[in-house]
Amino acid sequence: MGNWFAQRIVESGRLPLFCFFAGFIVTFAFIRFSVRMIRANVKWWPGNVTPGGQHIHHVVFGVIFMIVAGVTGFALNTDNTAANAVFAGLFGLGAALVLDEFSLILHLDDVYWSEKGRTSIDAVFIAIAFTGLLLLGVRPIGVDNITEARTAGESTVTAWLVGTVALVLNFLLAGITLIKGKIWTGLIGLFIPILILVGAIRLARPHSPWARWRYQRDKPRARRKMARAIVRERRIRTPMIAGKDWVQNMIAGRPDTPASEDRSDVASS
């Protein structure tokens with residue numbers, strides 16, 4: 001394991017990325033443990049940060065950590081791998097605190113324990129998946145075209161042209177997939193092109209922007225597509241979403257039911 005880490009992480013220059021990844025996961029695990037202890041009213045746990053009665057959400061601390069790590073890293077502009085790894089780990093710590101309350105930023109409301117709060121968990125999972133793929137050496141399609149073309153001795157213009165065309169096509173397909181409501185497929189498909197190719201071709205989800213634009217027209221073909229999309233959503237997507245929700249509940253806690261969302265004794269952070 002030590003040899004693998006040295007060869008694949010340290011020697012490949014991915015140590016800062018690994019420290020970001022580790023800092024992100026450890027911080028997310030800690031903060032979710034913390035908020036669940038607060039929510040359960042565990043007496044021995046410190047509780048929320050409330051100086052002067054003002055509840056300070058942990059997204060505030062996350063922003064501070066990210067600014068300190070980013071600005072310090074830019075200011076020093078060092079080639080020291082150890083220093084860059086420290087800054088990256090600190091940035092990962094801040095990013096975890098920010099994304100854990102992403103839903104609060106998105107809705108400009110304290111929806112942490114509501115159904116809308118699941119958006120934060122989706123954002124965290126996507127960030128972990130993205131960083132994990134990069135850490136394994138998987139890069140978006142088009143980036144390798146540039147590096148391989150340069151290695152083969154082709155001109156810089158040709159290398160950039162090949163890479164740019166591949167990247168544009170990749171992001172175009174990813175954009176279509178996202179508009180069709182397939183968030184995970186579109187984002188992870190940037191690294192695995194077969195996913196966005198299938199996602200861009202297949203039917204859109206019934207509540208997606210694409211479905212509203214294309215499937216709600218008063219035409220027989222549009223109505224057939226909407227009907228097929230609804231059947232597909234019920235048959236395939238609903239069980240998958242239920243499974244995803246179960247995993248999220250196990251890791252991050254179950255959201256409040258509508259009847260209990262207004263309880264004043266439930267901690268939000």
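Every heavy atom of this structure was used, including side-chain atoms; hydrogens, water molecules and symmetry mates were not.
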(message) So, using salt bridge (charged side-chain N to carboxylate O under 4.0 Å, His left out) as the criterion, who are the partners of Arg14 when residues are at least two apart?
(response) none
(request) Locate the shortest heavy-atom distance separating Ile179 from Pro209; write the atom from each residue and the value. (result) O-CD, 3.2 Å
(request) State whether the side chain of Lys182 and the backbone N or O of Gly199 hold a donor-acceptor pair below 3.5 Å, judged by distance alone. (result) yes
(request) Ignoring hydrogens and angles, tell me if any N or O in the side chain of Ser120 forms a donor-acceptor pair with the backbone of Asp100 under 3.5 Å. (result) yes
(message) Donor-acceptor pair, distance only, cut-off 3.5 Å: does the side chain of Tyr215 make one with the backbone of Ala204?
(response) yes
(message) Strictly by side-chain hydrogen bond (donor to acceptor under 3.5 Å, both in side chains), give each pair with a member in residues 187-214 just once, sequence neighbours left out.
(response) Arg205-Glu233
(message) Please tell me whether Ile183 and Leu106 are part of a single hydrophobic cluster in this structure, the criterion being side-chain heavy atoms less than 4.5 Å apart.
(response) yes
(message) Rounded to the nearest 0.5 Å, what separates atom CG in Leu104 from atom NE2 in His57?
(response) 5.5 Å
(request) Specify whether Phe30 and Trp45 have parallel, tilted or perpendicular ring planes, treating 30° as the upper limit for parallel and 60° as the lower limit for perpendicular. (result) tilted
(request) Check whether any side-chain heavy atom of Val124 lies under 4.5 Å from a side-chain heavy atom of Phe102, and answer yes or no. (result) no
(request) Quick one: closest heavy-atom pair of Ser103 and Gly117, and the distance? (result) OG-CA, 3.5 Å
(request) Please lay out, stage by stage, how Phe5 and Leu15 fare under the test side-chain contact (heavy atoms from CB on, under 4.5 Å). (result) CA-CA 9 Å; Phe5 184 83; Leu15 182 59; 3.9 Å; yes
(request) Could you note down all residue pairs passing ring-ring contact (aromatic ring centres under 6.0 Å, His included) where residues 221-255 supplies at least one of them, sequence neighbours left out? (result) none
(request) Test the Arg32-Trp113 pair against the cation-pi criterion, namely NZ or CZ under 6.0 angstrom from the six-membered ring centroid and within 45° of the ring axis. (result) yes
(message) Please tell me whether Val138 and Phe18 are part of a single hydrophobic cluster in this structure, the criterion being side-chain heavy atoms less than 4.5 Å apart.
(response) yes
(request) Determine whether Leu203 and Leu197 fall in the same hydrophobic cluster, where Ile, Leu, Val, Met, Phe, Trp and Tyr are linked whenever their side-chain heavy atoms lie under 4.5 Å apart. (result) no
(request) For residues Cys19 and Leu90, determine if any side-chain heavy atom of one lies less than 4.5 Å from a side-chain heavy atom of the other. (result) no
(request) Would you list the pairs meeting salt bridge (Lys or Arg N to Asp or Glu O under 4.0 Å) in which at least one residue belongs to residues 17-28, sequence neighbours left out? (result) none
(request) Decide side-chain contact (heavy atoms from CB on, under 4.5 Å) for Ile31 and Glu101; before the verdict, give the C-alpha distance in whole Å, the side-chain angles of both, and the deciding distance to 0.1 Å. (result) CA-CA 11 Å; Ile31 200 61; Glu101 292 197 327; over 6 Å; no
(message) Within the 4.5 Å heavy-atom criterion, are Ile188 and Phe130 side-chain neighbours or not?
(response) yes
(request) Identify which one of Ile56, Leu93, Val98 satisfies the side-chain contact (heavy atoms from CB on, under 4.5 Å) criterion when paired with Phe61. (result) Ile56
(message) Tell me the closest heavy-atom pair linking Asn249 and Pro255, and the distance in Å.
(response) OD1-CD, 3.3 Å
(message) Give me the atom names and distance for the closest heavy-atom approach of Gly186 to Leu178.
(response) CA-CD2, 4.1 Å
(request) Show your reasoning for whether side-chain contact (heavy atoms from CB on, under 4.5 Å) applies to Leu135 and Phe20. (result) CA-CA 10 Å; Leu135 194 58; Phe20 170 88; over 6 Å; no
(message) My understanding is that only one of Thr131, Ile128, Leu97 makes a side-chain contact (heavy atoms from CB on, under 4.5 Å) with Phe24; could you say which?
(response) Ile128
(message) If you count every heavy atom of other residues, nucleotides or ligands that lies below 6.0 Å from Asn80 atom CG, does the total exceed 12?
(response) yes
(request) Over all heavy atoms of both residues, which pair between Leu99 and Ala127 is shortest? Give the atoms and the distance, please. (result) CD1-CB, 3.7 Å
(message) Rounded to the nearest 0.5 Å, what separates atom OG1 in Thr185 from atom CD1 in Ile194?
(response) 12.0 Å
(message) Restricting to non-hydrogen atoms, name the atom on Arg36 and the atom on Met250 that form the minimum distance, rounded to 0.1 Å.
(response) NH1-O, 3.2 Å
(request) Output all residues satisfying salt bridge (charged side-chain N to carboxylate O under 4.0 Å, His left out) with Arg223, sequence neighbours left out; order by chain, then residue number. (result) Asp218
(message) Please say yes or no: joined through hydrophobic side-chain contacts below 4.5 Å, possibly via intermediate residues, are Leu172 and Leu195 part of one cluster?
(response) no
(request) Supply the atom-to-atom distance Ile251 CD1 to Ile121 CD1, rounded to the nearest 0.5 angstrom. (result) 8.0 Å
(message) Nearest 0.5 Å, please: how far is CG in Leu190 from CG in Leu133?
(response) 10.0 Å
(message) I'd like to know whether Ile196 forms a side-chain contact (heavy atoms from CB on, under 4.5 Å) with Ile176, so could you lay out the CA-CA distance, the side-chain angles of the two residues, the decisive distance to 0.1 Å, and finally the verdict.
(response) CA-CA 8 Å; Ile196 54 173; Ile176 294 174; over 6 Å; no
(request) Measure the spacing between CG of Asn84 and CG of Asn77 and express it to the nearest 0.5 Å. (result) 9.0 Å
(message) Can you tell me how far apart CD1 (Ile230) and CZ (Arg228) are? Round to the nearest 0.5 Å.
(response) 12.5 Å
(request) If a pair satisfies salt bridge (Lys or Arg N to Asp or Glu O under 4.0 Å) and one of its residues is in residues 119-132, list it, with sequence neighbours excluded. (result) Asp122-Lys244
(request) Taking the side chain as every heavy atom from C-beta outward, state whether Tyr112 and Asp256 have any atom pair closer than 4.5 Å. (result) no
(message) Does Arg254, at its CZ atom, have more than 12 non-hydrogen atoms belonging to other residues, nucleotides or ligands within less than 6.0 Å?
(response) no
(message) Applying a strict under-4.5 Å side-chain criterion to I, L, V, M, F, W and Y, I'd like to know whether Phe28 and Phe21 cluster together.
(response) yes
